[in-house]
Each structure stands twice: as C-alpha cells, then as structure tokens.
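Here's the structure we're looking at; comments come further down.
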Amino acid sequence: MIQTELAIVGAGPAGLSAAIEARRAGADVLLIDENARPGGQLFKQIHKFFGSRAHKAGTRGINIGTELLRESQELGIRTCLKGEVCGIENGQNLWVVIDRNRSEIVKAKKIILATGATENAVAFPGWDLPGIMGAGAAQTMINVNRVLPGRKVLMLGSGNVGVIVSYQLLQAGADVVAVLEAAPKLGGYGVHTAKVARAGVPFYVSHTVKQAFGTDHVEAVEIVKLDASFNQIPGTEHIMEADTVCLATGLTPLTELAWLAGCKFKYLPALGGHLPIHDDRMRTTKENIFVAGDITGIEEASTAMEEGRLAGINAAADLGYISEEEAKIRSREIWDSLNCLRSGYFGQKRRESKDLMLQTGNEVIQWKIH
Amino acid sequence: MEELHKSPAYPDRDRLYKGPIAIIECIEEIPCNPCEAACSNGAITIGESITNLPKMDFEKCVACGRCIPACPGLAIYIKDYTYSDTKALLSFPYEYYPLPEVNDIVEAVDRHGNTLCQAKVIKVRNPKSNDHTAVVTIEYPKEYFEEVISIKRIK
Ligand SMILES: Cc1cc2nc3c(=O)[nH]c(=O)nc-3n(C[C@H](O)[C@H](O)[C@H](O)COP(=O)(O)OP(=O)(O)OC[C@H]3O[C@@H](n4cnc5c(N)ncnc54)[C@H](O)[C@@H]3O)c2cc1C
Ligand code: SF4
Ligand code: SF4
C-alpha cells in the first residue's frame with residue numbers, strides 16, 4: 001500500500017497544474033497516469049495554442065507539456081506512471097493496476113480526478129474496417145510515433161479537433177480528400193478552418209459517411225447529404241477514394257471513477273454530457289474528491305490548467321497547507337481568468353453551462369473548509 | 001470576404017494599396033492574444049477581454065513582420081502593392097516541409113487553395129525564435145493582389 005496526502009489521477013494539463021500548486025504549498029502529492037509519460041493530450045499537440053499569453057498561448061502544446069513536467073520534477077512530485085486507476089473506495093482508496101500485471105492500493109486523504117476525455121465513435125456499414133480510426137489515434141500516430149496512417153484521408157467532423165488534425169495530416173505529408181460536417185455549419189475556429197481550406201481541402205457541410213468499402217482495408221467511402229433533421233437524402237450519395245477515415249465527432253468526459261465513487265451528476269450537453277457536480281473550489285459531492293479539466297466538461301488546455309490549479313489550491317487548503325482566506329483570494333483570481341477564457345461567441349455557451357454547474361454545486365455541496 | 005472587410009484589423013482600400021502593411025484575418029471572438037504582445041510598436045490591440053477581436057492601428061504598423069509567426073491561427077500576413085510596376089509582395093507563415101527555396105517558382109493560391117498564378121520566392125526566414133513557423137516572401141502579378149494569400153504545399 002502506498003500512502004499519500006493527495007492522489008491525482010491523470011497527468012494531463014489539469015492534473016499536472018493541480019500537482020504543482022499543491023506540492024508548492026507543501027502537500028505530499030502522488031500523480032498517477034496510465035501512460036508511460038505524463039502530459040495527457042499535450043504531447044500530441046504540435047500546433048501553437050490559443051489562449052492568453054498568461055496561459056502560454058502561441059506556444060506549441062508539446063512545449064507547454066515539457067514546461068509543466070520540468071516544474072513538477074523540480075518540485076519533486078512523486079509520479080506513478082503506467083498506473084491505471086481501476087477502482088475507488090470510500091472516497092479514499094484507489095485501486096491501481098501497474099504495468100497491467102501488478103495491483104497496488106493507494107490510500108489518500110484527498111483525491112483529484114483529472115482523467116480528461118475519450119473520443120466518440122460513430123457507426124456506419126464498414127466502420128470496423130482497418131483504416132478507420134479516431135482523429136486522436138491518427139494524431140498520436142503522426143505526432144508521437146511518426147507514422148502516416150494513410151495517404152488519402154477523409155475527416156469526419158469539422159470542429160477544432162477535426163480541422164487541427166487535418167492540418168497536421170497535411171503537415172505530415174498526407175492528402176486530406178475532404179472534411180465532412182453533419183451540421184449545416186462548420187464547427188471549428190475560423191482561423192484553423194482557413195489554414196486547411198487554403199491548402200485546397202474541400203469542406204462539405206450537411207454531409208456524413210453512408211458506408212465504407214474495402215476488402216482488408218478501407219479503399220473508398222460513400223458520402224451522403226443530410227437534411228435539416230440529419231436524415232440522409234437518397235440520391236445525393238457519391239463515392240470518394242480514401243485509405244483512411246478519421247472520426248472527429250466529439251469527446252465525452254471520462255467520468256467512470258466519479259460514478260464509482262458515488263459522486264452526484266448533472267447533465268449539461270454543451271459541455272459533453274453527464275458531469276460530476278462540483279462547486280467553485282472544484283469539490284464534488286464527495287468531500288474528499290475534487291475534479292478538474294475535461295472531466296468537468298470538454299474545454300481547452302488553458303481552462304484545464306486553471307481548473308487544475310483551483311483543485312490543487314483547495315485540496316491543499318483542506319490539508320491545512322493554505323489558509324482558507326488565501327485559498328479564497330487565489331481562487332477568485334483564477335475564476336476571473338476562467339471567466340475571461342469563457343467569453344466571446346465560442347466561450348459563452350460553456351460559460352453559461354459552467355454557471356449552471358456552479359449554481360447547483362454551491363447549493364448541493366455544503367462542505368466547509370476545516 | 002465581406003466580413004473580412006468589416007473587421008477592425010482589415011485596412012481600407014486606400015491604405016491597402018499605399019505600401020507594405022500587415023493584415024490580420026481573424027474575425028471571430030476566440031480566446032487568443034499573442035499578436036498583441038508580438039508587436040513592439042503597439043499597432044495591435046486586443047485589450048482586457050481576451051476574446052476581443054484584434055484591432056490594427058495602420059499608422060503604427062511598420063510592416064516588420066514580427067507578428068506573423070506569433071499568431072497560432074496563421075492569420076497574419078504582409079502585403080505590398082507598391083513593390084514594383086507589375087509585381088506585388090506577400091510575406092506569409094508556412095509550416096510545411098520541405099520549405100521553398102529562394103528563386104523557386106511556386107503556385108500562388110487563394111483562400112480556398114485554388115491556384116491563381118505563379119509566384120517567385122524572394123525570401124525564406126525561419127530563425128529559432130519563430131518556433132518552426134517559417135515566413136516566406138513571394139512576388140506575384142499585381143492583378144491578383146487581394147486574392148492571393150499563400151502558396152500550394154510543396155511535396
Ligand atoms: C486535436 C486537439 C487539439 C487541441 N487544441 C487545443 C488548443 O489549441 N488549445 C487548447 O487550449 N486546448 C486544445 N485542446 C484541448 C486540450 O488538449 C484538452 O482540453 C486538455 O488536454 C484537457 O486536459 P486534461 O488534463 O483535463 O485531460 P487530458 O490531457 O486528456 O489528460 C488526462 C490524463 O489522464 C489519464 N487517465 C485517464 N483515466 C485514467 C485512469 N483511470 N487511470 C490513470 N490515468 C488515467 C489519461 O491517460 C491522460 O493522460 C486540443 C485537443 C485536441 C484533441
Ligand atoms: S508587421 Fe510589425 S509593426 Fe506591423 S503589426 Fe506586425 S509586428 Fe506590428
Ligand atoms: S494571435 Fe492570431 S488568432 Fe490569435 S487573436 Fe491574434 S490574430 Fe487572432
């Protein structure tokens with residue numbers, strides 16, 4: 001059994017930021033991640049990030065990851081890599097499977113869940129052919145493992161993930177034959193879309209994949225137009241040659257551990273579905289469990305880092321390393337910055353959903369800082 | 001295009017044709033502001049709220065190009081209509097390998113990737129501080145001045 005004051009599950013931008021704040025305050029921290037290397041999504045992100053300069057915008061995601069890692073190493077934060085947390089008990093004990101062959105119990109006074117999100121799949125005839133994959137998987141292949149998944153890629157989904165991965169596939173030397181979007185409007189930021197458009201990639205709105213063909217690998221795809229209620233319009237099909245289909249059809253927060261722990265949930269579709277209720281200190285309905293990052297709603301690395309800091313500071317306050325007063329002041333500063341990040345056309349909807357979450361959280365969660 | 005012309009960062013016609021000028025094609029309120037700090041002449045303003053659109057003070061811009069690689073959206077370029085009698089100049093961000101070389105003849109494209117004309121590469125700058133966003137300068141026929149914004153990816 002491993003004992004620690006604060007166990008953090010997930011070493012993405014949220015988990016790393018939480019660990020850094022809590023460790024700086026003096027808490028004993030154990031950071032657990034199933035991967036061999038910390039960083040979460042960041043190490044696949046070779047593009048320069050948005051966000052404010054204060055959130056390292058204009059820096060490539062991979063370099064933000066490196067910087068957070070360096071900081072966490074300097075602080076001597078303990079890590080448990082290749083450790084998958086498979087269970088949670090009494091809001092205190094984590095069951096970790098290490099290297100897929102060894103199991104270990106971690107006993108923690110406080111827990112922060114920063115497990116991120118997982119890609120949604122869509123099904124169509126032929127969807128199980130090799131060559132059809134999540135956009136995130138394609139991104140890992142090109143940016144981490146440096147292999148091209150194919151030469152002619154069809155991207156399904158025009159949100160930021162779809163257009164960013166399309167651009168990175170072009171950079172890696174592939175051709176993107178088309179980006180399809182089921183909605184009548186493109187989803188991603190205009191500047192990302194424009195990069196891909198000026199590379200000559202056609203965009204089809206109100207379109208989806210009807211089926212994929214191939215013997216041992218996808219060779220062609222039939223696409224079809226959709227009406228306003230997303231029904232396929234017969235007679236509008238046409239065939240496109242493609243050896244790879246990437247699905248960028250949204251992300252869903254990875255909330256299993258919060259379910260297992262018995263946290264209460266709230267349904268907020270604008271943030272990705274059922275989410276663990278939390279208050280403005282990122283505390284869930286379980287006194288000792290905090291959440292931060294994409295698990296609380298699909299957003300961005302910049303917001304994930306700020307939420308991580310909130311959770312880290314408030315968990316450290318619970319443990320007695322930061323005074324309640326100081327935790328409050330610092331939390332308020334972080335909220336100002338979060339509200340700033342959640343403004344404008346794209347941020348507003350997330351802001352409104354987050355406000356609903358906080359309202360519920362502050363009502364339901366009455367735990368006091370001791 | 002119409003939306004673009006209305007944005008507070010797009011120069012009016014007179015200014016656009018008067019000499020070298022930085023142009024920002026960033027017309028959505030996204031949470032982003034590195035362009036503001038990149039300009040040491042204070043020509044670009046975003047302000048307190050990080051989702052404000054960038055505003056450009058065309059009097060202050062000296063077309064130095066520092067903002068081009070700083071923008072994560074690759075949304076900034078510099079154009080010069082007055083470059084020569086027949087040719088205009090464009091400096092734009094380019095993140096594909098291989099990079100073009102000086103004197104290469106390349107295909108100039110519009111916002112949809114359509115090839116409009118041929119262009120000659122005048123300069124390629126890729127110092128370490130650009131963090132892998134090269135800035136390529138091309139000359140191209142004046143009649144395509146407004147439409148051309150990049151070149152076809154070299155394979
Ligand atoms: C293509 C793409 C482009 C993006 N571009 C931008 C951008 O330009 N700007 C921006 O701000 N954001 C961007 N993002 C979003 C950003 O990457 C995410 O919002 C951010 O990584 C979320 O951070 P996180 O720490 O919550 O989760 P993650 O980064 O997903 O980290 C979670 C970690 O937890 C681990 N984990 C999960 N469950 C367990 C378990 N049971 N046991 C152990 N470990 C576990 C995971 O393996 C992972 O390492 C982009 C995302 C994608 C996919
Ligand atoms: S070109 Fe130079 S002066 Fe003009 S806006 Fe960009 S950084 Fe500022
Ligand atoms: S850096 Fe680029 S994308 Fe960001 S606000 Fe400025 S112009 Fe827009």
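Just so it is clear: chains get the letters A, B, ... in the order the sequence lines come, proteins before strands, and each one is counted from 1.
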Interatomic spacing from SG in B:Cys71 to NZ in A:Lys48 - rounded to 0.5 Å: 9.0 Å
Could you check whether any side-chain N or O of A:Arg198 sits under 3.5 Å from a backbone N or O of B:Ile149, counting only pairs where one atom can act as donor and the other as acceptor? no
Side chains of residues 54-68 of chain B: which donor-acceptor pairs under 3.5 Å do they make with residues two or more places apart or in other chains?
residue: B:Asp57; atom: OD1; partner: B:Glu59; partner atom: N; Å: 3.0
residue: B:Arg66; atom: NH1; partner: B:Ser40; partner atom: OG; Å: 2.3

If you round to the nearest 0.5 Å, how far is OH of A:Tyr189 from CD of B:Glu28? 9.0 Å
Atom NE2 of A:His238: over 12 foreign heavy atoms under 6.0 Å: yes
Let me know if A:Ile46 has heavy atoms under 4.5 Å from chain B in its side chain, its backbone, both or neither. neither
What are the two closest heavy atoms between A:Ser343 and B:Thr51, and how far apart are they? OG-OG1, 2.8 Å
For B:Glu95 against A:Tyr167, the heavy-atom pair lying closest together: OE1-OH, 2.8 Å
Taking all non-hydrogen atoms of both residues, which atom of A:Val191 and which atom of B:Ala75 are closest, and how far apart? CG1-CB, 3.6 Å
Nearest-0.5 Å distance, CG of residue B:Asn33 to SG of residue A:Cys340: 9.0 Å
Chain A heavy atoms under 4.5 Å from B:Lys152: which part of the residue, side chain, backbone, both or neither? neither
Under 4.5 Å from any heavy atom of chain B, what part of A:Asn339 do you find: side chain, backbone, both or neither? neither
Residue by residue, which of residues 130-141 of chain B have a heavy atom closer than 4.5 Å to a heavy atom belonging to chain A? B:Asn130, B:Asp131, B:His132, B:Thr133
Here the gap from B:Arg153 atom CZ to A:Asp175 atom CG, rounded to the nearest 0.5 Å, amounts to 5.0 Å
Most heavy-atom pairs under 4.5 Å with chain B, out of A:His47, A:His192, A:Lys195, belong to A:Lys195
Quick one: what part of B:Arg111 sits under 4.5 Å from any heavy atom of chain A, side chain, backbone, both or neither? backbone
